[in-house]
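Working notes, beginning with the structure itself.
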2 protein chains.
Amino acid sequence: MGQGTAAPAGGLRERARRAIRAEIARVGMELFLRKGFEPTTVEEIAAAAGISRRSFFRYFGSKDEVVLAHLDELAATVTEALAARPADEDPWVSLRRAFDAIVAEAEADRAAGFGLARLLNETEALRGQYAERQKRAWVGAAAPVIAERLPPLAGPGPDIRAEALVAAALGCVAIVADACLAGGPDADFAALLDQAMAAVRPLG
Amino acid sequence: MGQGTAAPAGGLRERARRAIRAEIARVGMELFLRKGFEPTTVEEIAAAAGISRRSFFRYFGSKDEVVLAHLDELAATVTEALAARPADEDPWVSLRRAFDAIVAEAEADRAAGFGLARLLNETEALRGQYAERQKRAWVGAAAPVIAERLPPLAGPGPDIRAEALVAAALGCVAIVADACLAGGPDADFAALLDQAMAAVRPLG
DNA sequence: CCGCGATGTGGCACGCAGTGTCAAGATCGG
DNA sequence: CCGATCTTGACACTGCGTGCCACATCGCGG
């Protein structure tokens, strides 16, 4: 238990498991996008993936998980982009630039990105969980990178400045995403993100 | 349908409904705090409130709703405090000061506040929904107040600056809440909030 | 070659959330 | 007092998530 093999593969068995999981996610998302989240039953997903209902729950702890599983890689992308920014750059600017990676990804596969966003938006139960996980994943991944670049904290007690920065930026992203969804597919994500983040912290 | 009576009461019938709803919420929260959220069944809550399982769902759309119902009044408190700030004050400062209302409320009933926080924290499904609702309620209520105090937007397109400000501040609150929960009941909420919000937007 | 344990899978049954439906009871207006 | 309306409780049903068990597959040593 607890292999530890992180990146591509390790156990022969492990790879098969990954493949099955990916297949379930693929066929599941397809059904969700076509029929909606709630109307699609686990039974259907399992059948479409060629497994039993019971086995579905051995790969995903819940139906939600199929949708939510995309987040970790997205967080990794942002963290990577963040680490690549110069260390002496203003952290807020670094955050803004790191988000360009998301923008690029969204532009690359516009249908998928917009479909996912629409799906999240019209499924109350998912929207909150997604936002929460996003926060957790991004704060956990990006805050350490930011923390190194901050001047030492004056007083005693815990230092939550980096987390606050990331959370605030994430709040801006969420608002921009909402605005884009409301404004249709022709909204300029990057420009709105500039507006939002500049409003919060006017760069001196 | 759609009475429209907003504030205290109106229909004779309406008051009874409010009372029953409040009673369900009270007994429900008591059970949640004692047994935890998931182990407590709707059946138990209904029995403790002296109604049938079916009637429970006539007052609350879901079990989650019992916990989540506290948010609207909290949002109202903040909005009120925000509106009371001078119009020429920096919006970020106004936001910070408005949050003092929450701090005061949390201090007043420390057990309830901390219990609720702990409950949310250890129930994955609730945490996300709570945060999402909080965002929605507070942005919806507070952003219009902020928007009036902002200088007119230069370019064309939608103005999301006020929403971004509120969302960013809310991100700070969330981080501080997490830190307080992690640090135990002796953490200084107000001081940490100062630190977080100052890190995001150093007041010039 | 044959057991033998370990792991993965499907089937079954269960508990619980949430919804539709319907019959009975309370309430209010006439 | 009586009918219209609203509320309530009871039953049934779908669907998610889980525990349990029997069966199949695979790698190992006897």
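In the text below, chain A, chain B and the rest are named by the order of the sequence lines, each starting its count at 1. Predicted, not measured: the structure shown is a model, and the values here were computed from it.
Of the candidates C/dT9, C/dA17, D/dG9, D/dG9 carries the atom nearest the B/S55 side chain, counting heavy atoms from C-beta on. When distances run from any side-chain atom of B/T41 to the nucleotides C/dC16, C/dG10, C/dT9, the shortest one goes to C/dC16.
Between B/K63 atom NZ and C/dG18 atom C1' there is a gap of 12 Å when expressed in whole angstrom units. Atom-to-atom, CZ of B/F57 to C1' of C/dT21 comes out at 16 Å; the value is rounded to the nearest Å. Remark: C1' of D/dG15 and CG of A/D64 are 13 Å apart, rounded to the nearest angstrom. Between B/R58 atom CZ and D/dA10 atom P the separation is 11 Å, expressed in whole Å. Atom CZ in B/F56 sits roughly 13 Å away from atom C1' in C/dC16 (whole-Å rounding). One interatomic measurement links the two molecules: CZ of B/F37 to C1' of C/dC16, which rounds to 12 Å at whole-angstrom precision. In this structure, B/R53 places its CZ atom 14 Å from P of D/dA12, rounding to the nearest Å. If you take CD1 of A/I51 and P of C/dG8, they are 14 Å apart, rounded to a whole angstrom.
The side chain of B/Y59 contributes no N or O atom lying less than 4.0 Å from OP1 or OP2 of D/dT7. Put simply, B/S52 has no side-chain N or O that comes within less than 4.0 Å of OP1 or OP2 on D/dA10.
With B/C180 as the fixed residue, the side chain to side chain contact (heavy atoms under 4.5 Å, CB included) test singles out one of B/D188, B/L192, B/I175: B/L192.
Judged by distance alone, the side chain of A/Q195 and the main-chain N or O of B/P158 form a donor-acceptor pair under 3.5 Å. At least one donor-acceptor pair under 3.5 Å links the side chain of B/K63 to the backbone N or O of B/F37.
Between A/E132 and B/A131, the shortest heavy-atom distance links the atoms OE1-CB, 4.0 Å.
When the nearest nucleotides of DNA chain D are assigned to A/E43 and B/R54 by heavy-atom distance, the more 5′-ward of the two goes with B/R54.
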